[in-house]
Amino acid sequence: MVENPLRNLPSVDQLLNHPQLQKLVGQVSHSAVVQKVRTVLDTVREKVTTAAAEAHVPTPQEIVETVAGWMRKEETQKVQVVVNATGVLLHTGLGRAPLPKAACDRVAALSQRYASVELNLSDGTRGSRTAALQAILCELTGAEAATVVNNNAAATMLALGALAGGREVIVSRGQLVEIGGSYRLPEVMTVAGCRLREVGTTNKTRIDDYARACGSDTGALLRVHPSNYVVYGFSEEATLKSLVQLALEKNVPLIDDIGSGALLDFARLGLGSEPQVKQSVAAGATVTLFSGDKLLGGPQCGIIVGKQEAIKKIAKHPMMRAVRIGKMTMAALQATLELYRDESQAMEAIPLLRLLHTDVANLKLRATRIVEQWRDHPALASARVVETQATMGGGSLPTQQLPSIAVALTGKSLTVDQLSGLFRSATIPVVGRVHDNQFLLDLKTVQPVEDRLLVEALPRTESESKST
Ligand SMILES: *Cc1c(COP(=O)(O)O)cnc(C)c1O
């Protein structure tokens with residue numbers, strides 16, 4: 001008689017007594033571990049009963065390893081804090097702008113309790129979700145009215161649909177942008193229910209091109225800031241002023257998608273000239289659209305400021321509900337915007353602006369201290385302070401190189417990719433960049449309190465790593 005191979009399979013309880021799984025129960029949860037153990041056992045039973053020849057019945061240790069491996073993988077898939085040492089300030093993959101402390105405090109305070117999200121406290125009536133934000137947005141930008149949605153992609157779609165749905169929208173061929181992923185302007189236009197009317201050429205579009213295209217079917221003029229590319233050389237675009245003028249003459253709205261939405265003059269920070277929200281409003285755009293988590297340095301959202309009537313139409317659009325913001329975004333945006341009431345306060349308290357204006361001498365000093373701690377490190381062939389160039393990222397200031405300092409590492413036996421993987425697997429993962437066969441930790445994007453985490457990500461000994 002053939003012995004049933006499943007007789008040797010350990011039970012769930014036996015496996016749970018294994019010290020390695022006991023540890024995981026403590027770290028994660030009892031039910032999560034039990035569920036994984038059951039899944040492994042079911043798979044084994046299924047394989048053994050359906051296999052023609054004898055299938056391998058795993059040992060308890062093998063089962064434990066499988067479960068532990070799955071749980072480790074799940075841990076790394078969780079969203080968690082990382083140190084951004086890539087030198088890309090608005091790294092979309094790393095969540096763009098880190099929020100100011102005031103914003104985080106406001107989120108924590110407001111989200112643990114009930115909040116006046118849609119309540120008018122003065123008369124007890126149902127209020128608008130964005131009324132409070134509208135007041136400060138108007139104060140900071142000079143606009144008549146404002147509303148906020150989930151992101152700038154949603155803002156564009158909503159503005160197009162509400163102001164020009166079913167009609168033609170005139171856009172320069174030099175501004176038919178792709179922002180990334182599936183966001184391409186011609187397709188967004190279709191989804192919003194508008195018909196794209198391209199004018200001009202890739203490098204030259206004049207106000208006359210727009211004027212000639214205007215007709216009875218024109219729903220809006222759209223200007224899009226080419227955030228992530230530049231048309232350089234023999235080129236020309238119609239000015240905002242002339243577009244506003246034409247829109248007035250033809251009695252159609254002008255939608256100005258400026259992308260990153262600077263509330264301050266970034267040119268003063270030596271950062272080229274990004275379109276400023278205030279300028280677009282002052283020039284007379286019907287609505288101006290921008291992101292909350294690019295140069296503004298706040299939470300992910302799309303902000304629409306402009307004329308009262310147009311904002312009302314947008315707020316009433318049926319899609320508004322699908323792209324509305326939650327109370328956490330309301331809290332974070334409000335606290336971030338309040339910091340802009342005082343420019344010097346904004347510069348200090350908004351992490352993005354602080355990182356931007358930290359000077360190279362400061363970065364060099366910090367890099368030197370980090371390199372000292374890695375001198376004669378057994379895993380490293382070299383650790384040096386190097387000059388480098390950081391970038392804005394997030395589709396802003398594409399040609400702007402920001403002078404920066406990095407720590408450049410090469411491994412003794414580790415390749416740069418292995419070194420990069422080692423930093424990513426630290427308790428608090430560090431993300432750097434590979435350049436010229438070296439692993440770079442660019443300090444432009446590292447907050448000073450995080451310097452220690454860079455050092456701890458590559459400890460000298462096992463015990464050093466355990467103690468951190
Ligand atoms: C970034 C950008 C968008 C998309 O904004 P999200 O907030 O990422 O949705 C749209 N238009 C322009 C010009 C942009 O730069």
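Here, residue 1 is the first one in the sequence, and each next residue gets the next number. These numbers were taken from a predicted model, which means no experiment stands behind them. Each ligand, and each atom within it, is numbered from 1 in the order the structure gives.
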- Numbered atoms of ligand 1 (with element) below 4.0 Å of Gly259, judged on heavy atoms: 12 (C), 13 (C), 14 (C), 15 (O)

- Nearest non-hydrogen atom to atom 8 (O) of ligand 1 belongs to which of His225, Arg223, Arg96? Arg96

- Message: My understanding is that only residues two or more places apart in sequence, or in another chain, count here; which of them pass side chain to side chain donor-acceptor pair (under 3.5 Å) with Asn362?
- Response: none

- Task: Ignoring angles and geometry beyond distance, decide whether Asn152 reaches within less than 3.5 Å of ligand 1 through its nitrogen or oxygen atoms.
- Result: yes

- Task: May I ask you to decide whether Arg369 forms a salt bridge with Asp451, counting only side-chain N to carboxylate O separations under 4.0 Å?
- Result: no

- Message: To the closest 0.5 Å, what do you measure between CD (Glu168) and CE (Met189)?
- Response: 10.5 Å

- Message: I want to know if ligand 1 touches Thr156 in the polar sense, i.e. an N/O pair below 3.5 angstrom.
- Response: no

- Report yes if Val224 has an N/O atom closer than 3.5 Å to an N/O atom of ligand 1; otherwise report no. no

- Query: Which bit of Gln300 is near ligand 1, meaning a heavy atom under 4.0 Å away: side chain, backbone, both or neither?
  - Reply: neither

- Message: Using a 4.0 Å cut-off to any heavy atom of Ser291, which atoms of ligand 1 qualify?
- Response: 5 (O), 6 (P), 7 (O)

- Compare every heavy atom of Thr427 with every heavy atom of Gln80, then report the nearest pair and how far apart it is. OE1-O, 4.4 Å

- Between Gln175 and ligand 1, which residue portion shows a heavy-atom distance shorter than 4.0 Å: side chain, backbone, both, or neither? neither

- Task: Rounded to the nearest 0.5 Å, what's the gap from CD1 on Ile350 to CG on Leu99? Could you check?
- Result: 10.0 Å

- Message: When you compare the side chain of Met330 with that of Val117, does any pair of heavy atoms fall below 4.5 Å?
- Response: yes

